[in-house]
There are 2 protein chains.
Amino acid sequence: MKSLSQASFLPVIHELARTYQAFEQFSSQHIRQLGLTPPQFDVVSTLGNSKGMNCKELSDRTLITKGTLTGVIDRLEDKGLVTRTMQPNDRRSVFITLTGHGEKLFAQAFPAHLDYMKIAFRRFGESDLSGFCQELGRLREGFSLALEEQEEAVV
Amino acid sequence: MKSLSQASFLPVIHELARTYQAFEQFSSQHIRQLGLTPPQFDVVSTLGNSKGMNCKELSDRTLITKGTLTGVIDRLEDKGLVTRTMQPNDRRSVFITLTGHGEKLFAQAFPAHLDYMKIAFRRFGESDLSGFCQELGRLREGFSLALEEQEEAVV
DNA sequence: TATTGTTATACTCTATAACTATA
DNA sequence: TATAGTTATAGAGTATAACAATA
């Protein structure tokens, strides 16, 4: 393995950022037509594929931090898409579910979004897709392990 | 090539988002220690590797839209890191350069940031890196082409 | 007419940390 | 003491569109 002293990984970072931006731009164009922001769509999609969950789990799955999540849920509640209910077993916990209106939006918007996203993947076959997943997974592992190391060092 | 009717590309999207988030989290932890936000660091890095440029070019390179860029540059100007100067040849255009203070920050912070990021790539060799670039590039092309199609369709 | 950049509006997300209620 | 979630604060980025100056 050669040394990386000349920062030969810079193009990887650049490509990752540009690829994500291209995805985000393409994806959000459709999401905004639904009257949602990307984080809001993320929450609705996560809830739509479940029977509801508390904020902690929702935060873990969407990677939205708890403080931010409160605001996102507030806005979804204002739109009548989700509800908060208290849990008798652990009264610290708040259970979030889609309302009927939210379920309806999910049932309509989620497949529509997949259909829209499909355009971007039309040129790829199954082996391409598993290749992407594998490479992205390895790359992610690099960042995750580095972050852990960093946090250990700080603590 | 198999049909993608079951949205077999969903894991790719998921991995891309998670990988980018892991990168962003790791990277921004260091950037914020410099007193900058990620977009601000992006601008400083872009300017630091050049002799200055106008807002249009800066916008194209960083993918920050012009309206947002005005605000980012305002804040960098407040911090004494960049300056705006008028261009005699095209008086609509504004030329942005790093100040002495900005150059100094760049000269110190950019290598330090690379050094920090290197941790995440330690486990990879050159062939891994070029593999990442290649796969990311292909994926990006999918989104870019899809976006173009979409914009044509709208127009 | 088209382009460069700023301004205006209104919102949404962000980081950070203190705080409340419960466990 | 630890955890779940909210609140408070202050800032920063976002979309969108109108606008002024210049080409």
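Each chain gets a letter, A, B and so on, in the order the sequences are listed, and its residues count up from 1.
The NZ atom of A:K66 sits 11 Å away from the C1' atom of D:dT7 (whole-angstrom rounding). We find that CE of A:M86 is positioned 12 Å from P of C:dA23, with the value rounded to whole Å. C:dT4 atom P lies 12 Å from atom CD of B:E57, rounded to whole Å. Summarising the geometry, the separation between CG on B:L76 and P on D:dG11 is reported as 16 Å, rounded to the nearest angstrom. If you measure from atom CD of B:Q33 to atom P of C:dA15, you get 14 Å, rounded to the nearest angstrom. Residue B:Q21 contributes atom CD, which lies 11 Å from atom P of C:dA15 at whole-angstrom precision. When rounded to the nearest whole Å, the span between CZ of B:F41 and P of D:dA12 equals 17 Å. Distance, B:I31 CD1 to C:dT14 P: 16 Å, rounded to whole Å.
For B:T62 and B:D42, the side-chain atoms include no donor-acceptor pair closer than 3.5 Å. With 3.5 Å as the limit, one finds no donor-acceptor pair spanning the side chains of B:T83 and B:E77.
Residue A:R138 holds its CZ atom at 4.5 Å from CZ of B:F132, rounded to the nearest 0.5 Å.
Distance from the side chain of A:N54 is smallest to D:dG5 among C:dT14, D:dG13, D:dG5. Side-chain proximity of B:I64 to the nucleotides D:dT6, D:dT14, C:dT6 is greatest for D:dT14. Closest to the A:K56 side chain, of the nucleotides D:dT6, C:dC13, D:dA4, is D:dA4. With D:dT6, C:dT12, C:dA15 as the choices, the nucleotide that has an atom nearest any side-chain atom of A:R75 turns out to be C:dT12.
Comparing A:T70 and A:R32, the nucleotide of DNA chain D nearest to each residue sits closer to the 5' end for A:T70. In terms of position along DNA chain C, the nucleotide closest to B:R84 lies nearer the 5' end than the nucleotide closest to the other residue of the pair B:S28 and B:R84. When each of B:I73 and A:P38 is assigned the nucleotide of DNA chain C with its nearest heavy atom, B:I73 is the one assigned upstream, toward the 5' end.
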message = Apply salt bridge (charged side-chain N to carboxylate O under 4.0 Å, His left out) to residues A:D78 and A:R75 and explain how you reach the verdict.
response = CA-CA 5 Å; A:D78 289 346; A:R75 286 179 283 275; over 6 Å; no
task = Tell me, with the steps shown, if B:L136 and A:L139 meet side chain to side chain contact (heavy atoms under 4.5 Å, CB included).
result = CA-CA 11 Å; B:L136 284 168; A:L139 191 51; 4.2 Å; yes
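At a threshold of 4.0 angstrom between heavy atoms, the contacts of A:G71 with the nucleic acid are absent. Looking at heavy-atom distances under 4.0 Å, B:D74 makes no contact with the nucleic acid at all.
At least one side-chain heavy atom of A:I73 sits less than 4.5 Å from a side-chain heavy atom of A:V82.
Below 30°, between 30° and 60°, or above 60°: for B:F143 and A:F121 the angle between ring planes is above 60°, a perpendicular geometry.
Sorted by residue number, the members of residues 90-99 of chain B with any non-hydrogen atom under 4.0 Å from DNA chain D read B:D90, B:R91, B:R92.
Between A:T37 and C:dC13 there is a side-chain polar atom (N or O) within less than 4.0 angstrom of OP1 or OP2.
For the side-chain contact (heavy atoms from CB on, under 4.5 Å) test with B:C55, the passing option among B:D60, B:T70, B:I64, B:L69 is B:L69; the others fail.
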